[in-house]
Amino acid sequence: MTTPPDATAPEATPDRGRGTDIGLLLVVILAFTALVFSFVAFASGDDDAETAAGGGDAGGAPTSALATLTEFAINPESLVVSGSGVLDVRNDGSQVHNLVVVDHDVRTADLNNGESESLDVSSLAEGEYELICDIAGHADAGMRGTLVVGDTPAAGEAAGGGHGGDHTEMTEEEADALDQAMMDTMNAFPAETEGVGNEPLEPVEIMADGTKRFELTAEIVEWEVEPGKMVEAWTYNGMVPGPYIKVDLGDKLRFDVTNDLPMGTDVHWHGIRTPNSMDGVAPYTQDLIKRGETFTYEFEAVKKAVGIYHAHVHGQMAVPNGMLGIIQIGDVDLPRGRTISGVEIPADLEISQEIPMVLNDAGTIGLSLNGKSFPATAPIVAEQGEWILVHYANEGLQVHPMHQHQFPQLVVAKDGIPLDNPYFADTVNVAPGERYSVLINPDDPGTWVWHCHILTHVEREEGMFGMVTAMVVN
């Protein structure tokens, strides 16, 4: 049965009115909710901004801070966190880096590009700490900073940071100071320091059967790497590098090695032909040379070589700290009378100077040439037109591209082995453990810089340092 329209009309009007009221109420509720969410989002945004800046309680040290690592800086240079805080560390560089609190067991893993790690500093008491990247050579190249833990008086200062590698907002006075530091260090070259490495080692005696007997003492001494910088060096005969040993092909050799170190040692003759029992790798080929003991190495110089000698046991400690040297058997065969890349090598070529150049980048010695950091490195002084033979030997932990200004280097031997096809290069890349022998013919007078071409191995904000010397041509 159909209901007449007029029977429902009186009830329909009140229903529409209640629906309108409910709709208005929903609009108000939604508007209020939106306002609340906007306020929460705004407040949350402030919290996020605070977190990005380090978070923390009002008036106190932040609970966290972000440190980014690049070549070669820790950004910012100064960081502040509370005693219960963390450092968020991110590697934005192209090389592997880490972050280490010096003299404390607080460090990140070695981080590749883009990797991050949170470093808990809650084990550190309130105070100021030194931060570095302890990858070989990176701290010397500029990766140093400061961490302030807790609400210490120094926190306010530290929070101001430094340039952190970004000098776009540097003041004119700061820029002038950097210029002056660079000029001062360059003008100080060559600076005098105590101690000279690579001194030729003469035999202490020629024995009845013709054997040349040498003495080497492993000992720790104070060594001046650069003016005023004294370090504890692990040495042979008190010098870095150890004595330069050059003998003739066919010589019978005896080396009496005395250990005055606080721990055991041995001597490996890297690149030199020896019997297995004389290879110098304890405990496989010999007993460890304990503190206070002497061990004798005996072998014949049966093959021409440009080698290096160094500790093998505890090598990661002893070698970067200075226990290294060059041993050479005979003369390197040179390409006399040949034409190489259009350059005629004299048939009667005579070598005026033969120079060992040991490269290092780690340990107490750090970035150095022959145990010294610029401006204490020794210049090579030459007469115009003469020929010089240089033996690069890399005893460091990194590759070093050695660049000679003006004069191309004729690479004649690799690891003491003469090359069938010598070649010219203005930059010679020397990896750890490698030796390259190069001929240089300085034919243009002047002072010509000679350095590793990884620029942070030669320059820092305090001026020039590290792996730099010069060829001075008269």
Counting N and O atoms only, with roles assigned by atom type, does the side chain of T193 sit under 3.5 Å from a partner on the main chain of E226, one being a donor and the other an acceptor? no
Less than 4.5 Å apart, side chain to side chain, heavy atoms only: is that true for P200 and P243? no
Would you say that more than 12 heavy atoms from the other residues, nucleotides or ligands in this model lie under 6.0 Å from the NZ of K252, or not? no
So OG1 of T447 and CE of M471: to nearest 0.5 Å the spacing works out to 11.0 Å
Determine whether the aromatic ring centres of Y236 and Y309 lie less than 6.0 Å apart. yes
Classify the angle between the aromatic ring planes of F72 and H138 as parallel (below 30°), tilted (30 to 60°) or perpendicular (above 60°). perpendicular
Is there a salt bridge (charged side-chain N to carboxylate O under 4.0 Å, His left out) between D92 and R90 once you walk through the steps? CA-CA 6 Å; D92 286 346; R90 185 179 71 230; 2.8 Å; yes
Measuring from H270:NE2 to H268:NE2, what's the distance to the nearest 0.5 Å? 6.0 Å
Applying salt bridge (charged side-chain N to carboxylate O under 4.0 Å, His left out), name anything that partners R144, two or more places apart in sequence or on another chain. E130, D140
Could you go through I327 and F255, starting from their C-alpha distance and side-chain angles, then the distance that decides it, and tell me whether this counts as side chain to side chain contact (heavy atoms under 4.5 Å, CB included)? CA-CA 12 Å; I327 176 170; F255 295 93; 4.2 Å; yes
Candidate pair E434 and Y392, rule side-chain hydrogen bond (donor to acceptor under 3.5 Å, both in side chains), full reasoning: CA-CA 8 Å; E434 288 187 332; Y392 293 121; over 6 Å; no
Examine distances only and state if a side-chain atom of D361 and a backbone atom of G396 form a donor-acceptor pair shorter than 3.5 Å. no
T294 and its side chain to side chain donor-acceptor pair (under 3.5 Å) partner, picked from D256, N259, T258: T258
Do T185 and F465 have side chains that approach each other closer than 4.5 Å (heavy atoms only, starting at C-beta)? no
Kindly determine whether L359 and C452 satisfy side chain to side chain contact (heavy atoms under 4.5 Å, CB included), including the steps that lead there. CA-CA 9 Å; L359 319 178; C452 172; over 6 Å; no
Does L349 offer a backbone N or O that forms a donor-acceptor pair with the side chain of R336 under 3.5 Å? yes
Taking atom CZ of R273 as the centre, report whether more than 12 heavy atoms of other residues, nucleotides or ligands fall under 6.0 Å from it. no
Does T217 offer a backbone N or O that forms a donor-acceptor pair with the side chain of N237 under 3.5 Å? yes
Taking all non-hydrogen atoms of both residues, which atom of I365 and which atom of A233 are closest, and how far apart? CD1-CB, 4.0 Å
More than 12 heavy atoms of other groups within 6.0 Å of D176 CG: yes
Can you list the steps and then say if M170 with L178 is a side chain to side chain contact (heavy atoms under 4.5 Å, CB included)? CA-CA 10 Å; M170 184 187 304; L178 291 180; 3.5 Å; yes
Under a 4.5 Å cut-off applied to non-hydrogen side-chain atoms, are I380 and V390 in contact? no
With ring centroids as reference points, do H451 and H405 lie under 6.0 angstrom apart? yes
With no hydrogens and no angle check, do the side chains of S368 and S373 hold a donor and an acceptor under 3.5 Å apart? no
Are side-chain N/O atoms of D134 and N98 paired as donor and acceptor at under 3.5 Å? yes
With no hydrogens and no angle check, is any side-chain donor or acceptor of W234 less than 3.5 Å from a backbone partner on A311? no
Between E219 and D260 (side chain of the first, backbone of the second, donor and acceptor by atom type, cut-off under 3.5 Å), is there such a pair? no
I'd like to know if the side chain of E71 reaches the main chain of G93, judged simply by a donor and an acceptor atom lying under 3.5 Å from each other, with no hydrogens or angles considered. no
Report the residues that fulfil side chain to side chain donor-acceptor pair (under 3.5 Å) with D251, sequence neighbours left out, ordered by chain and then residue number. K212
Flag, side chain of Q409 to backbone of D426, donor-acceptor distance under 3.5 Å: yes
Does the R291 side chain pair with the main chain of P262, one donor and one acceptor, at a distance under 3.5 Å? yes
To the nearest 0.5 Å, what is the distance between CG on D110 and CD1 on I135? 4.0 Å
How many angstroms lie between CG in N91 and CD in E117, if you round to the nearest 0.5 Å? 11.5 Å
Distance col, row T146:OG1 vs I132:CD1, nearest 0.5 angstrom, shows 12.0 Å
Walk me through whether V468 and F189 qualify under side chain to side chain contact (heavy atoms under 4.5 Å, CB included). CA-CA 10 Å; V468 190; F189 176 78; over 6 Å; no
Between the side chain of E461 and the main-chain N/O of A181, is any donor-acceptor distance below 3.5 Å? no
Ignoring hydrogens and angles, state whether a donor on the side chain of S352 or E386 is under 3.5 Å from an acceptor on the partner side chain. yes
Under the criterion side chain to side chain contact (heavy atoms under 4.5 Å, CB included), which of D266, D279, L253 is the partner of Y297? D266
Minimal non-hydrogen separation, N198 against P356, with atom names: ND2-O, 3.4 Å
Quick check for you: to the nearest 0.5 Å, what is the distance between F374 atom CZ and T469 atom OG1? 8.0 Å
